[in-house]
Amino acid sequence: MKREDYFRWAERAARWGAEYLDTLDERPVRAQTAPGEIAAMLPLAPPEEPVDMETIFADFERIVPDGMTHWQHRRFFAYFSANAAPVSMIAENLTAVMAAQCMLWQTSPAATEIETQMVNWMRQALGLPEGFQGVIQESATSANVCAVLTMRERALGWRGIDSGMVGEQQVRVYASPETHSSVDKAIRIAGIGQQHLVKVPTDGSWALDSEALRRAIEADRAAGFLPAGVVLCVGGTSIGASDHVRQTIEVAREHDLYVHVDAAWAGSAMICPELRALWEGVEGADSIAFNPHKWLGAQFDCSIQFLADPEPQVRTLGVRPDYLQTLGQTEITNYSEWTIPLGRRFRALKLWFLLRAHGLEDLRQRIRNHIAWAEEAAAAIALLDGFRLTTDCHLSLFTFQYAPDGEDANDATERLLRAINDDGRIYLTQTIHEGQFVIRFQVGQFDCRREDVLVAVDVLRELAHAIHLDSQN
Ligand SMILES: *Cc1c(COP(=O)(O)O)cnc(C)c1O
C-alpha cells in the first residue's frame, strides 16, 4: 500500500467500524453459517499479483461480518463477555500502527512505563495492597502457565529449569474441580502431568474444601510427593463458583505452598468495594490473574497478573542473552523476563484510554447494573413454565434448565438451547453441572441495557413454548 493511501483506507475502516457497531442489534448474535461455508468462499491458492484494495475491502464486507459471532452485541449472554469499549478499540488502532515489540524497556520505554503504571492503577482499583506488582499478559491461560511453572520451580529449588525433572520428587498442585481448564493445560505444559493436578473436593457451595486440601497435602507428603502450590478459583467459568480464599491460603501457608488465584472474569467486579468479600483474604496470595479484556472493557487481549513478589517468576522465566542486554541501564524493567513470549504488544495503552475515558465510577455502575439485571432475569426465568434455576447468581452468572412435565430435562434443555441460538436474537451457551446439561446466562456485555435482558427472558418463554408444542406433535 502506498503511504498516501493509508489514511484513506484507515478512514474507511473506521467508518465501517462505526457503522458495524451502530447496526449490531440487527444481526443474529451467533454466526448462522455452516462449517466450511466461509472457507469455500476463498481461493485455494494465494495471489501472485496484487489485488486492489477496493476488491479486498469489498470481499471483507461480503464474507466476514456474516461469518462472525458478534461478541460486542448487546444481547450476548454466552461464555463470558469479551468487552471492547470503543475507546479501547481506538487505542488498539494506535498500538497496531506503532507496531512495537515491547519486550524490553529499551525497545518501548513508554509501553513499559505505562504498563507499570496501569498495573499499579488497577491494583488500587481492585483494592489490593501496595507491594503487588504485575505484568500485562495476552491471556489468563498464559498467566496460569507462568504461575504453575513458578510454583514448580520454587518447590524444586530451581533445579527443574536447569537439569530437568528426572530424578526429582514428583510435584503436585491442588485446585478445585471448578477451576478453569487452562489450569489443566498449564499443568500439562509444565510437565507435571494431569494426574498430579489434584482436584480437591468442594463443599456445599462449590468452594474448595480446605480441610480436604489439608488432608490431601499431608497424604501426598507422606507418600513421597512434593506439594508445590494451589490454584484458587474466584468466579469459575462453569457456574461462577469461588473458593474460600483466606481459609485456603492459610492451609497453603502451613505447608509453604505457592498460591495463585485465577479471577479471570470476576476480577473486574472487584473494582466495586462492596463485592470484595468474594475474595476476602486475597492479599495473602502470591499471584493473581484477572482479565480486563473480559468484563472491564479493555479490547482483547489484556490480562493482568499481579505478583506479591516478581522475583520467583522472573527467576523461573527470565533468560537474558547478550543480544538482549540493555547497555548502561540497571534500574529498568524488561517485561519479557516475566512472561513466556519474547515479543509483546503495547497492551497498556488501551487500559490507559479506557480508565481515563470512563473513570472507575462508570465502570462500577456497569458491573452493578449487570448483576442487578442478572438477578432480575434469574427471578423471572424461575417463574416461567417448565423452567428451574440450577444455580443462583454468582455475580452476574446463573444457570437453569428447561424441564417441562414428561420430558427429559437434559434433552429439553439442549433442544431449547439449539433453538435459541438458531433464532439469533440472543446467544447463550451450556455447561454440565452435577451431571446435568444446564444453560449458562451471563450478563456482562459492556453496553447491555435492562431491556436487552428482558428481551432474553421473552425469547426463552416464546421458544420454550414453541419446542414444547413441537414435542407434543
Ligand atoms: C476466561 C477464563 C480463563 C481463560 O482466559 P483466557 O484469557 O482466554 O486465557 C481462565 N480462567 C477463568 C476463570 C476464565 O474465566
Side-chain angles (χ1 to χ4, degrees), residues 69 71 76-84 88 92 119 122 126 134-149 173 175-190 197 199 202 206-208 229-243 245 248 259-270 275 278-279 282 285 287-306 339-341 344-345 347 350-351 367 370 374 391 393-399 429-433 440-446:
T69 293
W71 283 72
F76 183 104
F77 303 109
Y79 307 102
F80 284 134
S81 297
N83 287 327
S88 73
E92 270 296 89
V119 169
M122 283 313 314
L126 267 52
V135 59
I136 306 183
Q137 305 217 25
E138 63 277 20
S139 70
T141 302
S142 322
N144 291 345
V145 171
C146 292
V148 166
L149 286 168
V173 172
S176 99
E178 295 294 327
T179 309
H180 191 264
S181 60
S182 58
V183 177
D184 299 75
K185 194 186 261 188
I187 290 292
R188 295 174 186 198
I189 293 171
L197 173 60
K199 297 280 173 82
T202 54
W206 300 289
L208 184 148
V230 183
V231 178
L232 292 187
C233 171
V234 173
T237 311
S238 183
I239 60 149
S242 295
D243 294 334
V245 174
T248 315
V259 178
H260 172 65
V261 175
D262 180 359
W265 164 63
S268 294
M270 300 301 106
L275 300 175
L278 191 70
W279 71 358
V282 75
S287 166
I288 304 163
F290 113 90
N291 284 352
H293 72 227
K294 277 186 171 155
W295 209 350
L296 200 68
Q299 146 99 27
F300 185 86
D301 51 353
C302 185
S303 178
I304 295 185
Q305 185 190 15
F306 292 105
T339 57
I340 295 168
R344 312 177 69 250
R345 299 178 349 91
R347 299 190 187 91
K350 56 199 164 193
L351 212 42
I367 285 171
H370 295 162
T391 53
C393 275
H394 290 94
L395 299 174
S396 66
L397 169 66
F398 63 93
T399 64
T429 46
Q430 78 288 340
T431 189
I432 303 289
H433 181 62
R440 296 169 73 261
F441 194 120
Q442 171 274 148
V443 183
Q445 203 285 324
F446 200 69

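We count ligands from 1, going down the list as the structure has it; atoms in each ligand are counted the same way.
- Taking 4.0 Å as the cut-off, Lys294 counts as a neighbour of ligand 1 on heavy-atom distance.
- Ligand-side atoms of ligand 1 in range of Ser182: 10 (C), range being under 4.0 angstrom from any heavy atom.
- At a heavy-atom cutoff of 4.0 Å, ligand 1 is contacted by no atom of Thr179, backbone or side chain.
- In this pair, Phe290 and Phe306 present their aromatic rings parallel. The plane angle is below 30°, not in the 30 to 60° band.
- When hydrogens are left out, the protein atom nearest atom 4 (C) of ligand 1 is His180 CE1, 3.6 Å; that is the closest non-hydrogen contact.
- Between Glu178 and Thr237 the shortest side-chain heavy-atom distance does not fall below 4.5 Å.
- Between Thr399 and Thr391, the side chains place a donor N or O and an acceptor N or O closer than 3.5 Å (distance only, hydrogens not considered).
- The aromatic rings of Trp71 and Phe76 are tilted relative to each other, their planes meeting at an angle between 30° and 60°.
- Atom numbering of ligand 1 starts at 1 in the shown order; those under 4.0 Å from a heavy atom of Asn291 are 5 (O), 6 (P), 7 (O).
- Closest to atom 11 (N) of ligand 1, if we only count protein heavy atoms, is Asp262 OD2, 2.6 Å.
- Below 4.0 Å from some heavy atom of Phe80 lie the following atoms of ligand 1, by number and element: 15 (O).
- Listed by number with element, the atoms of ligand 1 under 4.0 angstrom from any heavy atom of His293 are 7 (O).
- Of the heavy atoms in Ala140, both backbone and side-chain atoms come closer than 4.0 Å to ligand 1.
- Cation-pi contact between Arg440 and Phe80: present, with separation from the ring centre below 6.0 Å and deviation from the ring axis of at most 45°.
- Of the possible donor and acceptor atoms, none in the side chain of Thr141 sits under 3.5 Å from a partner among the backbone N and O of Ser182.
- Ligand 1 does not have Ser303 within reach: every non-hydrogen atom of the residue lies 4.0 Å or more from it.
- The closest side-chain heavy-atom distance from Trp206 to Pro177 is not below 4.5 Å.
- Atoms of ligand 1 lying under 4.0 Å from at least one heavy atom of Thr237, given by number and element, are 12 (C), 13 (C), 14 (C), 15 (O).
- Looking only at heavy atoms of the protein, atom 9 (O) of ligand 1 is closest to Thr141 OG1, 2.5 Å.
- Checked by distance only, ligand 1 and Glu138 stay at 3.5 Å or farther apart across all their nitrogen or oxygen atoms.
- Side-chain atoms of Ser287 and His260 include a donor-acceptor pair closer than 3.5 Å.
- Atom NZ of Lys199 has more than 12 neighbouring heavy atoms from other residues, nucleotides or ligands inside a 6.0 Å radius.
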